[in-house]
Amino acid sequence: MKTSRLIASIILSVFVSFGAYVYFNSATQAAPASEFVLLDGSTTHTKAFEGKVTLVNFWATSCTTCVAEMPDIVATYNKYQNQGFDTVAVAMQYDPPQYVLNYAQSRQLPFKVALDNTGAVAKAWGDIKITPTTYLVNKRGEIVKTYVGAPNFSELHQLIEKLLAEA
């Protein structure tokens, strides 16, 4: 009987220790310092994210998943924009600027659209090669979630609401 209690105690200790390890080591990382060149030629910087919850979406007009998820990204932006939420859609280096401009205008994208002509932004954010790749950044400018492929938008909305509620 003492042996089974000892084993149960050891197992419990392992689970508690592992849980603490996962909890305390799941620290967020700061969003990379980046300058985004927008379609109108203006720029914005990662520093502008502070105080807002921001979705940074790397995409391409030639990416079928990117095009398919864009209405959901628009709907997400429209739903939360007045609550301190922002979105930056970063077109990949290989995407012709005229295609990006045409897509953004014809779909009336309501958020910032950036051109990554040199590939420097994609490189800074983890050398992005797969689109769509999307980051959710909290009000402190920290990446809290990364999505490769289309996110589950209902789960994304729950996380956005949680982050918007934080001080």
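Quantities reported herein were computed from a predicted structural model and do not represent experimental measurements.
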Problem set entry | Evaluation steps, side chain to side chain contact (heavy atoms under 4.5 Å, CB included), between Leu38 and Thr44 | CA-CA 8 Å; Leu38 305 180; Thr44 190; 4.2 Å; yes
Exercise. For Ile143 and Pro32, which heavy atoms make the closest approach, and how far apart are they?
Worked result: CD1-CD, 4.1 Å
Exercise. Atom NZ of Lys112 and atom CG of Asn57: how far apart are they, to the nearest 0.5 Å?
Worked result: 14.0 Å
Exercise. Would the Tyr94 and Tyr99 ring centres measure less than 6.0 Å apart?
Worked result: no
Exercise. Considering only heavy atoms from C-beta outward, does the side chain of Gln105 approach that of Leu101 to under 4.5 Å?
Worked result: yes
Exercise. What's the spacing between Lys123 NZ and Lys129 NZ if we round to 0.5 Å?
Worked result: 6.0 Å
Exercise. Side-chain heavy atoms under 4.5 angstrom apart, residues restricted to Ile, Leu, Val, Met, Phe, Trp, Tyr: same cluster for Ile73 and Val67?
Worked result: yes
For this session: Please check if the side chain of Lys139 supplies one atom and the backbone of Leu164 the other of a donor-acceptor pair under 3.5 Å.
Result: yes
Problem set entry | Heavy atoms from other residues, nucleotides or ligands near CD of Glu166 exceed 12 (cutoff 6.0 Å) | yes
Exercise. Should we say atom CZ of Phe153 is surrounded by more than 12 heavy atoms from elsewhere, each under 6.0 Å from it?
Worked result: yes
Exercise. Just by distance, do the side chain of Thr146 and the backbone of Tyr135 share a donor-acceptor pair under 3.5 Å?
Worked result: no
Exercise. Hey, are the side chains of Glu69 and Thr134 touching, using non-hydrogen atoms and a 4.5 Å cut-off?
Worked result: yes
For this session: Answer yes or no: is there a donor N or O on one side and an acceptor on the other, between the side chain of Asp95 and the main chain of Thr61, under 3.5 Å?
Result: yes
Exercise. For Pro132 and Cys63, which heavy atoms make the closest approach, and how far apart are they?
Worked result: CD-SG, 3.8 Å
Exercise. Just wondering, do Val90 and Phe36 contact through their side chains at under 4.5 Å, heavy atoms?
Worked result: yes
Problem set entry | Between Ser34 and His45, a side-chain donor and acceptor under 3.5 Å | no
For this session: Determine the sole option in Thr87, Asp86, Ile160, Val137 for which the side-chain contact (heavy atoms from CB on, under 4.5 Å) test with Leu55 is passed.
Result: Thr87
Exercise. From Asn138 CG over to Glu50 CD, what is the distance, rounded to the nearest 0.5 angstrom?
Worked result: 9.5 Å
Exercise. Rounded to the nearest 0.5 Å, what separation is found between the OG1 atom of Thr65 and the CE atom of Met70?
Worked result: 11.5 Å
Problem set entry | Distance (rounded to the nearest 0.5 Å) between Met92 CE and Ile130 CD1 | 10.0 Å
Exercise. Roughly how far apart are His157 NE2 and Phe85 CZ, rounded to 0.5 Å?
Worked result: 7.5 Å
Exercise. Considering only heavy atoms from C-beta outward, does the side chain of Val37 approach that of Asn117 to under 4.5 Å?
Worked result: no
Exercise. Looking at side-chain heavy atoms only, is the closest gap between Trp125 and Thr133 below 4.5 Å?
Worked result: no
For this session: If the plane angle is over 60° it's perpendicular, under 30° parallel, otherwise tilted; pick one for Tyr77 and Phe111.
Result: perpendicular
For this session: For the residue pair Asn78 and Thr76, confirm or rule out a side-chain donor-acceptor distance under 3.5 Å.
Result: no
Exercise. Are there more than 12 heavy atoms of other residues, nucleotides or ligands under 6.0 Å from atom NZ of Lys145?
Worked result: no
For this session: Assign the ring pair Tyr103 / Trp59 to parallel, tilted or perpendicular, where the plane angle (0 to 90°) is split at 30° and 60°.
Result: tilted
Exercise. Can you check whether Thr64 reaches Cys66 side chain to side chain, under 4.5 Å on heavy atoms?
Worked result: no
Exercise. How close do Pro151 and Leu156 get, heavy atom to heavy atom, and via which atoms?
Worked result: CG-CD2, 4.2 Å
For this session: Could you tell me which non-hydrogen atom of Ala104 sits nearest to which non-hydrogen atom of Val113, and how far apart they are?
Result: CB-CG2, 4.2 Å
Exercise. Quick check: does any side chain N or O of Asp116 sit under 3.5 Å from a backbone N or O of Ala122, one acting as donor and the other as acceptor?
Worked result: yes
Exercise. Val100 and Leu39: side chain to side chain contact (heavy atoms under 4.5 Å, CB included), yes or no, with the steps?
Worked result: CA-CA 8 Å; Val100 177; Leu39 288 178; 4.0 Å; yes
Exercise. Is Phe58 reachable from Val88 through a run of hydrophobic residues whose side-chain heavy atoms are each under 4.5 Å from the next?
Worked result: yes
Exercise. Tell me, do Lys79 and Glu161 make a side-chain contact under 4.5 Å, heavy atoms counted?
Worked result: yes
Exercise. Val121, Tyr147: one ILVMFWY side-chain cluster at the under-4.5 Å cut-off?
Worked result: no
